[in-house]
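Remarks on the structure that follows.
Numbers restart at 1 for each chain; the letters A, B, ... are given by sequence-line order, proteins then strands. All heavy atoms count here, side chains included; hydrogens, waters and symmetry mates do not.
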Amino acid sequence: MNDESQRLPVVTDQDVVRVRQLVRTVAVAVKLSLVDQTKLVTAASELARNTLVYGGGGEVEVTRVHNERRGGIRIVFADRGPGIADLDLALTDGYTTGGGLGLGLSGARRLVDEFDIDTEPGKGTTITIVKWCR
Amino acid sequence: MERVPVLKIGDILLVSIQIDMEDQVALQLQEDLAERIVATGVHGVIIDISALDIVDSFVGRTLATIASVSRVLDAETVVVGMRPAVAITLVELGLSLPGIRTALNVELGIAMLGSREDDGEPEDDEPDPVVVTES
């Protein structure tokens, strides 16, 4: 069973900071190791910024999850922006349309255990990540 | 908007980032530092990130830009105090911070800048305490 989710809007720079803080709080609560907390908060920061910059804003949902063996955190980043036309390209290290380093998506994927993208041009993008306790 | 204070100590500007910076704060710091380097004529900048529990690609890029801009303005930048978990995460993220000099703490950072006298190359002018003699 999963616990109740916490949601935050992502509309300003300050909201990205709030997402980081919420994710850290939950990561500590589920007892992720310090390195895993750091990886998860970093991934969340990258993806929340993408939601803001590329998606034109959206919402983040943070949920404590459990399976038979262990606990973890699931975070969903949803926007109704332009979507991602070429997903393979977007997931390539160094590719950017926003003038950044092009490490946001590809880098965030490396930092988590599960990474799923649902995107459609013109409809928006939803990215779901999960980090499990070891 | 919060602002990160820039302190001048001798020939060095010292910045200790104590807050979870929103992106605009990081960009403001970049501008403030460039202006202060020119205004004060210092040759070294130390950025202490020991209070940061993450460095994402935006902050990483900002640090790299600060280092490049400083160099153009004849000042060397040393980033000090990175936490081990942050280092592990940065490398996995794909950011190796090329062009940024690092030291483990402020003291070592200051020593690194002190050895800069002639050029950008750090020189170890202290005698090596371990003397290996061939038998």
Rounded to the nearest 0.5 Å, how far apart are [atom1] of [X] and [atom2] of [Y]?
X       : Y       : atom1 : atom2 : result
A:Leu34 : B:Asp53 : CG    : CG    : 8.5 Å
A:Thr38 : B:Leu90 : OG1   : CG    : 10.5 Å
B:Ile54 : A:Gln37 : CD1   : CD    : 12.0 Å
A:Gln14 : B:Gln24 : CD    : CD    : 11.5 Å

Is B:Asp56 reaching over with its side chain to a backbone N or O of A:Ser45, donor-acceptor style, under 3.5 angstrom?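 Here the side-chain-to-backbone pair does not exist.
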Does [X] share a hydrophobic cluster with [Y], counting links as ILVMFWY side-chain heavy atoms below 4.5 Å and allowing steps through other members?
X        : Y       : answer
B:Ile19  : B:Val59 : yes
B:Val38  : B:Val4  : yes
A:Val62  : A:Val10 : yes
B:Leu108 : B:Ile46 : no
B:Leu63  : B:Leu93 : yes

Just to verify, which of A:Val41, A:Val16, A:Val17 counts as forming a side chain to side chain contact (heavy atoms under 4.5 Å, CB included) with B:Asp20? A:Val17
Part of A:Ala108 lying under 4.5 Å from any heavy atom of chain B: backbone
Which portion of A:Arg49 sits near chain B, non-hydrogen atoms under 4.5 angstrom: side chain
Please classify the contact of B:Met21 with chain A as side chain, backbone, both or neither, using a heavy-atom distance under 4.5 Å. backbone
Is it the backbone or the side chain of B:Val55 that comes under 4.5 Å from a heavy atom of chain A, or both, or neither? backbone
Which atom names give the shortest non-hydrogen contact between A:Val35 and B:Thr89, and what distance separates them? O-OG1, 4.2 Å
Scanning both residues in full, the closest heavy-atom pair of A:Arg110 with B:Glu92 reads NE-O, 2.7 Å
Let me see the working for B:Met1 and A:Asp13 under side chain to side chain contact (heavy atoms under 4.5 Å, CB included), right down to the final yes or no. CA-CA 11 Å; B:Met1 191 176 76; A:Asp13 269 0; over 6 Å; no
Please identify, among B:Ala64, B:Pro84, B:Ala85, the residue contributing the most non-hydrogen atom pairs under 4.5 Å to chain A. B:Ala85
Other residues, nucleotides, ligands: >12 heavy atoms within 6.0 Å of [X] [atom1]:
X        : atom1 : value
A:Arg80  : CZ    : no
B:Leu104 : CG    : no
A:Glu114 : CD    : yes

Sub-4.5 Å heavy-atom contacts with chain B: which residues of residues 123-134 of chain A show up? none
